[in-house]
Amino acid sequence: MDIVGFNLWYGEKQALFDVGMNVRKNKITALIGPSGCGKSTLIRCMNRMNDLIDGCRVEGSMFFQGQDIYGKDTDVMALRKRIGMIFQKPNPFPMSIRDNITYGPRIHGITKQSELDEIMERSLKQAALWDEVHDRLEQSALSLSGGQQQRLCIARTLSINPEVILMDEPTSALDPIATAKIEDLAISLEKDYTVVIVTHNMQQAARISDYTGFMYMGKMIEFDDTEKIFNKPSEDLTERYITGRFG
Amino acid sequence: MNRLSSDIKKMTAAITEMGELAVEMLEKSVSSLINSDVEAAEEVRVTKYERIAFLESLIEDEALRILILYQPMASDMRLTAAALKLITYLERIGKYSKNIAKAAIYLKDRPTTYYMDDVYAMCDVAVEMVKGVVNAFATKDVSHLYNYEELDDKLDSYRRSVIDENVERMMNNSKSVEACTYYISIAKYLERVGDNACKIAEKIIYMVTGKRVEIDRTVRGL
């Protein structure tokens with residue numbers, strides 16, 4: 001995914017300024033920065049979630065495999081099928097575990113029960129949740145713990161075979177053990193999917209990502225290999241942020 | 001200033017003290033050798049060495065505490081990582097200084113009229129190297145550290161001369177064996193001080209630039 005000279009306004013207020021970055025296939029890219037720096041805004045642009053916000057206007061380019069995400073002909077539903085999103089707070093549907101996973105495939109036209117079962121098992125296994133829930137698939141998803149709910153949401157995203165998974169602070173509402181499970185999961189997904197993660201936890205970005213972008217006041221201050229960003233960043237502002245001197 | 005900054009500042013001050021103490025110990029042990037000053041030698045052997053050993057464990061505790069509490073990044077991480085290695089090298093310089101001081105005490109009653117220029121020249125180079133790294137730690141100017149391999153080679157070559165001279169003396173006069181053995185040991189200590197200064201230089205270059213360099217290639221037999 002290529003982002004070039006990207007700007008965004010919420011009404012009169014500009015939230016992103018000339019942002020450029022490249023999201024590499026089958027890699028994990030992390031976005032870090034203080035609250036309000038625009039990292040969630042940017043990740044939400046990647047599957048056009050900001051379309052739902054009144055007065056939101058964008059300029060610049062965002063290409064996904066050569067296709068302009070903001071092009072006039074872009075089918076937003078099809079785009080979101082290819083680029084899924086996980087939110088900060090787990091948001092399972094108020095239905096059974098099974099139905100949470102099969103909901104997406106069903107609205108995309110899959111009706112055969114054996115095929116739905118196969119998708120459900122594969123998705124739950126990929127999300128490292130199968131062992132914990134395979135004997136209670138008919139129970140409400142809301143009976144699961146927070147960490148399990150978040151993995152269920154990841155399984156739900158995986159059920160429709162996306163190419164990119166966007167994660168907007170996926171562990172900020174979870175305890176350290178559930179966080180570790182999600183991090184392990186993100187790393188295991190890397191070989192088949194492209195992952196973009198927004199996180200407030202710099203150690204998390206350092207642990208799991210290949211590339212890191214540091215944003216500040218709507219601008220991409222520095223984007224580079226994660227190791228370089230956390231070892232010897234080029235920009236003084238990045239250095240000051242990651243060493244806790246501000247933000 | 002946040003807590004991490006204030007803890008980093010405290011640790012930096014302790015490392016600076018330890019570095020300056022290593023320089024002081026080395027200079028004092030060398031001057032006690034030259035001037036047969038037992039009092040100064042005793043001070044290095046006991047009081048100063050106790051202090052440098054204490055600082056080593058103090059800084060190690062502090063660095064580990066910083067790692068656990070703050071999981072430092074970038075320059076803070078490089079400083080903390082370097083600190084854990086620097087203290088080992090500085091303590092060893094302290095220990096070699098202590099050994100030189102012990103030799104000075106032994107040699108006091110065995111004044112020598114031997115040719116000592118090579119030992120003194122080694123002292124000068126070793127002191128220069130240790131002062132240089134301590135200064136680089138404080139100023140973050142590492143430009144002069146890249147020629148440490150040259151200084152290290154100089155120490156090695158002086159050491160070989162000291163060995164040759166003393167072996168010859170021992171062969172000519174068996175009564176000199178004990179004192180000559182001490183001089184050979186002193187040359188070994190000074191050469192090791194140089195090796196440790198090279199390792200410190202490597203760590204300080206990493207701390208400042210984020211790049212790993214290899215100055216003391218003899219360690220790997222290159």
Side-chain angles (χ1 to χ4, degrees), chain A residues 28-35 37 39 169 171-172 174-177 179-180 182-184 197-216 220-247, chain B residues 1-16 59 62-86 133 136-143 145-146 199-215:
Chain A
I28 300 179
T29 300
L31 295 174
I32 59 168
S35 296
C37 72
K39 55 195 188 300
E169 295 184 46
T171 62
S172 58
L174 303 181
D175 68 37
I177 292 169
T179 297
I182 300 283
E183 288 183 9
D184 289 347
I197 180 166
V198 164
T199 178
H200 268 294
N201 182 335
M202 282 181 287
Q203 280 72 26
Q204 178 171 75
R207 279 194 295 268
I208 68 172
S209 70
D210 302 292
Y211 302 97
T212 297
F214 165 61
M215 295 184 69
Y216 184 61
M220 182 66 74
I221 303 297
E222 187 167 355
F223 184 86
D224 213 323
D225 291 354
T226 295
E227 199 185 331
K228 175 145 192 300
I229 294 279
F230 291 110
N231 190 10
K232 183 82 170 78
S234 304
E235 299 294 326
D236 183 50
L237 207 54
T238 316
E239 165 90 26
R240 281 167 52 211
Y241 178 69
I242 64 175
T243 56
R245 300 299 190 268
F246 82 96
Chain B
M1 190 187 289
N2 64 28
R3 282 179 56 211
L4 170 62
S5 303
S6 113
D7 285 353
I8 287 276
K9 203 170 160 194
K10 229 165 57 190
M11 184 173 72
T12 306
I15 297 168
T16 305
I59 296 164
E62 188 61 22
L64 294 175
R65 208 174 65 83
I66 287 172
L67 286 178
I68 294 163
L69 295 185
Y70 308 105
Q71 303 170 1
M73 294 284 190
S75 56
D76 294 338
M77 183 276 288
R78 298 198 308 277
L79 168 68
T80 312
L84 283 167
K85 303 288 279 186
L86 292 184
V133 287
F137 179 80
T139 60
K140 309 276 184 290
D141 175 6
V142 296
S143 54
L145 300 184
Y146 292 95
K199 298 309 287 179
I200 294 176
E202 289 174 3
K203 295 301 160 200
I204 293 177
I205 289 172
Y206 167 71
M207 183 186 93
V208 174
T209 67
K211 292 193 179 92
R212 293 189 187 282
V213 295
E214 198 171 14
I215 290 171

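All of these numbers come straight from a predicted model, not from anything done at the bench.
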In Å, rounded to the nearest 0.5 Å, how long is the span from CG of Asn201(A) to CD of Gln71(B)? 7.5 Å
How about NZ on Lys228(A), more than 12 heavy atoms from neighbouring residues, nucleotides or ligands closer than 6.0 Å, or not? yes
Got a sec: does the CD of Glu227(A) have more than 12 other heavy atoms crowding it under 6.0 Å? no
Does the side chain of Leu4(B) reach to within under 4.5 Å of the side chain of Arg245(A), using non-hydrogen atoms? yes
Separation between OG1 of Thr243(A) and OH of Tyr70(B), rounded to the nearest 0.5 Å: 13.5 Å
Kindly compute the distance separating CG (Asn231(A)) from CE (Met77(B)), expressed to the nearest 0.5 Å. 4.0 Å
Taking Glu239(A) for its side chain and Ala74(B) for its backbone only, find out whether a donor-acceptor pair lies under 3.5 Å. no
